[in-house]
Amino acid sequence: MLDALNAGPRPFPWAVSRVQKLTALHVVVGSHVDEGTPLTQFSARLPGLQHWLSRRWYTTEVAPVDDGRPHVTIVAKYPEVAIVNLADAKLQLSLDVLPEEKGQGGFVLSTMGRVTIIPTVPQPFGTLLEIFGRVAALLTMMSGGPISTDQILVALAGGGLDSSVLLSLRNSETCTFTEEDQFFLVERTLGTSLSEALTRWFDVYSNIDLPSRLAVDVLNDEGNTHLDFLGVMQALEGFHRGLNRPAPGVRVTLRERLLSLAEVIPDDIRRKIIGHDFGVVGKWVKARNAYSHWDVTLMPDAIDGMELISAIRRLKMLLRVSYRKRSSRHVPCGRVYLALGGVSRQGSRASKSSAVLALGSSTRS
């Protein structure tokens, strides 16, 4: 299509093509790779993942030389931090070590996270991209920031040169966090191995595929307040629907779904998110119905303003905790409580939101 736009005679020999803009959900540039191209390896670089992993990736050795000055040797490692054996592929997370020269004789070593997928037999590019999307979704849930790629390298089936794929993703914002307290949780506070968390995630993902995509969109977006509220409520409802299939003819209300998610969370964490009683859940449901249907009879009872912003922050925290429990169900949630208590900046905001809403409720009463 771009070639067609660029075709035709030019009025002057020195004339250049006009600027072209193409908008789509994703664009694959290059005739050598398309969605069905079989690959033997898929590798994606993830900025910010190295800070979330917080792994030591080098050792230093100091020894004197002949003139008495210290001689420092830095040995860089390329650690594999997680390996998961899927049904038809091996998934591994690792760290890249990137050297960069700085002036005369100086250099800087930095790291970057990487996800590599190696299928047992060649798989289409689209299939491996979907597997990567599942990994990125879980990392986004646990880290509290957008985890996306800025580089994709693939190995083509049948040999030949490895290819770099230029891909524009809908959720293309990469993580800029550099400090632990910017994350919701970091890897060492999960209470379980990352390999186990990923294994459990892939076990249940087929049931919550669409809700998890919505959850990632909602958690990464701070847009219109009312749409944000409706989005996170829909993500919570879809998550519960995906994991709980009622008997035919049995109707489960939104309030019951939210309570079901909240009731499996330990009391201290639930109080941090929801408060000391479940009365606020009814307010959230009324607001969802009012803003979904624009029913003027429901508007007087619908929360708005700061109360609505507070509800969004707390609902997003409930969404993160719900997904976190699903990926590591047998792990005590004490570490999540630490995050909610202020170890992470996001948890601190959610705790303050709970206090604001509780104060507002007591003032009105």
Side-chain angles (χ1 to χ4, degrees), residues 44-60 74 76-83 92-98 100 108-115 135-150 171 173-198 200-201 215-216 218-222 265-266 268-269 272-273 313-314 316-328 331-355:
R45 188 173 67 186
L46 302 177
L49 182 63
Q50 71 275 18
H51 299 296
W52 184 77
L53 292 170
S54 299
R55 295 294 185 97
R56 186 174 179 84
W57 52 269
Y58 66 91
T59 58
T60 57
I74 299 177
K77 301 179 292 184
Y78 298 82
E80 292 179 342
V81 297
I83 298 178
Q92 63 186 38
L93 274 73
S94 59
L95 290 175
D96 287 350
V97 180
L98 310 173
E100 180 183 356
V108 173
L109 290 177
S110 58
T111 57
M112 194 80 75
R114 182 170 294 278
V115 172
V135 177
L138 179 62
L139 293 174
T140 296
M141 300 288 184
M142 293 192 295
S143 68
I147 299 292
S148 189
T149 180
D150 67 345
N171 297 316
E173 183 181 358
T174 56
C175 183
T176 58
F177 296 166
T178 58
E179 303 294 336
E180 283 195 9
D181 69 343
Q182 292 178 281
F183 295 98
F184 171 52
L185 294 172
V186 293
E187 188 222 1
R188 64 180 178 78
T189 63
L190 292 180
T192 187
S193 70
L194 183 55
S195 296
E196 180 183 348
L198 285 165
R200 292 183 55 81
W201 177 247
V216 169
V218 168
L219 294 173
N220 285 342
D221 183 49
E222 297 287 346
I265 300 173
D268 49 358
I269 298 176
K272 284 279 187 179
I273 298 175
R313 287 178 176 171
R314 296 161 70 194
K316 286 186 176 182
M317 191 60 63
L318 176 60
L319 185 62
R320 291 193 190 281
V321 172
S322 297
Y323 272 92
R324 191 267 181 188
K325 279 188 64 66
R326 177 52 56 178
S327 63
S328 52
V331 179
C333 284
R335 298 190 183 276
V336 178
Y337 180 74
L338 291 176
L340 293 173
V343 172
S344 74
R345 298 180 192 178
Q346 298 180 39
S348 179
R349 288 197 299 268
S351 298
K352 292 176 182 177
S353 295
S354 297

J.: Should T174 and L46 count as side-chain neighbours, where that means a heavy-atom distance under 4.5 Å?
T.: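 No - every pair of side-chain heavy atoms lies 4.5 Å or more apart.
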
J.: Less than 4.5 Å apart, side chain to side chain, heavy atoms only: is that true for F183 and M142?
T.: no

J.: With a 4.5 Å limit on heavy-atom distance, are the side chains of F177 and H51 in contact?
T.: no

J.: Taking the side chain as every heavy atom from C-beta outward, state whether M141 and V216 have any atom pair closer than 4.5 Å.
T.: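 The answer is yes, as the side chains (C-beta and beyond) meet within the 4.5 Å cut-off.
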
J.: Minimum heavy-atom separation for V218 to K316, with atom names?
T.: O-NZ, 3.2 Å

J.: Heavy atoms only: give me the nearest S148-P47 pair and the separation to one decimal.
T.: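 S148 and P47 have their closest heavy atoms at O-CD, 3.5 Å.
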
J.: Nearest 0.5 Å, what's the CZ-CD1 distance between R313 and I273?
T.: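 Reported to 0.5 Å precision, the distance equals 14.5 Å.
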
J.: So which atom in G113 and which in Q50 form the shortest heavy-atom distance, rounded to 0.1 Å?
T.: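 Residues G113 and Q50, closest heavy atoms: N-OE1, 3.6 Å.
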
J.: If I take atom OG from residue S193 and atom CD1 from residue I83, how far apart are they, to the nearest 0.5 angstrom?
T.: 11.5 Å

J.: To the nearest 0.5 Å, what is the distance between CD on Q182 and OG on S143?
T.: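 So the gap between those two atoms works out to 11.0 Å.
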
J.: Between L185 and W52, what is the shortest heavy-atom contact and its length?
T.: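 L185 and W52 have their closest heavy atoms at O-NE1, 2.5 Å.
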
J.: Are any of the side-chain heavy atoms of L49 and M112 separated by less than 4.5 Å?
T.: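 When only atoms from C-beta onward are counted, M112 and L49 do not touch, as no gap falls below 4.5 Å.
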
J.: Flag the pair L139 / W201 as yes when at least one side-chain heavy-atom distance between them is below 4.5 Å, and no otherwise.
T.: no

J.: Check whether any side-chain heavy atom of L198 lies under 4.5 Å from a side-chain heavy atom of L93, and answer yes or no.
T.: yes

J.: Would you indicate whether the side-chain heavy atoms of L53 and L194 approach each other to under 4.5 Å?
T.: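 Yes. Closest side-chain heavy atoms under 4.5 Å.
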
J.: For the CD atom of E196 and the CZ atom of R200, what is their distance to the nearest 0.5 Å?
T.: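 Separation between the atoms: 7.0 Å.
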
J.: If I compare all heavy atoms of A197 with all of T192, which pair ends up nearest, and what's the gap?
T.: CB-CG2, 4.3 Å

J.: For T140, is there any backbone N or O sitting under 3.5 Å from a side-chain donor or acceptor partner on R320?
T.: yes

